[in-house]
Structures are given as C-alpha cells and as structure tokens.
Undergrad: 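Below you will find the structure I want to go over with you.
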Amino acid sequence: QVQLVESGGGLVQAGGSLRLSCAASGIIFRINVMGWYRQAPGKQRELVAVITSGGSTNYADSVKGRFTISRDNAKNTVYLQMNSLKPEDTAVYYCKLTYSRDYWGQGTQVTVSS
C-alpha cells in the first residue's frame, strides 16, 4: 500500500515563502505523476501543480510565476516551493501520486496572513 506523508505547512505572512514536501513510501512504479492540490474553505479542490517522472510540469494560472514544483525520483518525493504568497493561497494542500490509481496524502494546512 502506498503512503504519502506531507510536511512544511504552517502560517506565513503575505509576501513570504513556504516549501512543502511529500514523501511517498511503498511499492511505487517508477513512471508516475505527482502533484499538489488545494482546497480553501467553501471552495472545491483545485489543481495547483503536477510533475511527471520525466520532469514535465503544469501549473494553475493562479500560481504561475510564484510556485515551483520539483521532485526527487530516487526518494519518491515531490516539493512545492511557494513564493510571494497571498491570503487567497490559504487552503489545505494535498499531495497526490498517480501510476495505477490516485493516492492522496492527508493534507497540510497553509495559512497566509494579511
């Protein structure tokens, strides 16, 4: 069974930065997609960024130029570097791994104060 463990969430001031990490454990196919999604209060879950094992990336328009997704394939770990944070970035951030089906992390709270 695949397990995803997230870390790095917390409270930051507007304009600040935060780096999220998500480490996957278990039997994981080497060719896969990992990504970050978020859900703010009263809103639907939305894609933030995804990255393939080959390094291809895709970002939501709302975070382009501010967030950077990366991964370490040897460690099965994905990162999300968040810069120039805004209050509207406040949400629970979820890590996802896909190779046969979707696997989700437990979520980590990111709060950006104004």
Undergrad: Taking Val5's backbone N and O only, do any of them form a donor-acceptor pair with Gln106's side chain (distance below 3.5 Å, no angle check)?
TA: no

Undergrad: Is Ser62 reaching over with its side chain to a backbone N or O of Ala60, donor-acceptor style, under 3.5 angstrom?
TA: no

Undergrad: Is there a donor-acceptor pair under 3.5 Å between the side chain of Gln39 and the backbone N or O of Gln44?
TA: no

Undergrad: Is there a side-chain contact between Ser21 and Glu6, using heavy atoms and a 4.5 Å cut-off?
TA: no

Undergrad: Could you go step by step and tell me if Thr77 and Cys22 meet the side-chain contact (heavy atoms from CB on, under 4.5 Å) rule?
TA: CA-CA 5 Å; Thr77 300; Cys22 174; 5.8 Å; no

Undergrad: Regarding Asn32 and Ser53, do their side chains bring together a donor and an acceptor under 3.5 Å, going by distance alone?
TA: no

Undergrad: If you look at every heavy atom in Pro87 and Ser114, which pair is closest and at what distance?
TA: CG-CB, 3.9 Å

Undergrad: Between Tyr103 and Ile27, is there shared hydrophobic-cluster membership here, with clusters defined by ILVMFWY side-chain heavy atoms closer than 4.5 Å?
TA: no

Undergrad: What class does the angle between the rings of Phe29 and Tyr99 fall in, given that below 30° is parallel, 30 to 60° is tilted and above 60° is perpendicular?
TA: tilted

Undergrad: Taking the side chain as every heavy atom from C-beta outward, state whether Leu18 and Leu85 have any atom pair closer than 4.5 Å.
TA: yes

Undergrad: Can you get from Val12 to Leu80 by hopping between Ile, Leu, Val, Met, Phe, Trp and Tyr side chains that sit under 4.5 Å apart?
TA: yes

Undergrad: Do the side chains of Cys95 and Tyr37 get nearer than 4.5 Å, heavy atoms only?
TA: no

Undergrad: Tell me whether Phe67 is reachable from Leu47 by hopping between hydrophobic residues (I, L, V, M, F, W, Y) whose side-chain heavy atoms are closer than 4.5 Å.
TA: no

Undergrad: With a 4.5 Å limit on heavy-atom distance, are the side chains of Leu20 and Val78 in contact?
TA: no

Undergrad: Side chain of Tyr59, backbone of Ile69: donor and acceptor closer than 3.5 Å?
TA: yes

Undergrad: Verify, without hydrogens or angle tests, whether Thr52 (side chain) and Ser56 (backbone) share a donor-acceptor contact under 3.5 angstrom.
TA: yes

Undergrad: I'd like to check Val50 versus Lys96 (side-chain heavy atoms, cut-off strictly below 4.5 Å). Are they in contact?
TA: no

Undergrad: Compute both the distance and the angle, then confirm whether Arg19 meets the cation-pi test with Tyr79: under 6.0 Å from the six-membered ring centre, within 45 degrees of the axis.
TA: yes

Undergrad: Establish, from distance only, whether the side-chain atoms of Asn73 and Arg71 form a donor-acceptor pair under 3.5 Å.
TA: yes

Undergrad: Pair Lys86, Asp89 - check salt bridge (Lys or Arg N to Asp or Glu O under 4.0 Å), show working.
TA: CA-CA 5 Å; Lys86 306 174 181 179; Asp89 294 318; over 6 Å; no

Undergrad: Given side chains that start at C-beta, do those of Ile51 and Val33 come closer than 4.5 Å, heavy atoms only?
TA: no

Undergrad: Is the closest side-chain heavy-atom distance between Leu97 and Ile28 below 4.5 Å?
TA: yes

Undergrad: Which value, rounded to the nearest 0.5 Å, describes the distance between Leu4 atom CG and Met34 atom CE?
TA: 6.0 Å

Undergrad: How long is the gap from CH2 on Trp36 to OG1 on Thr108, to the nearest 0.5 Å?
TA: 7.5 Å

Undergrad: Start with the C-alpha distance between Arg38 and Tyr93, add both sets of side-chain angles, then the distance that settles side-chain hydrogen bond (donor to acceptor under 3.5 Å, both in side chains), and finish with yes or no.
TA: CA-CA 4 Å; Arg38 67 187 182 186; Tyr93 284 69; 2.9 Å; yes

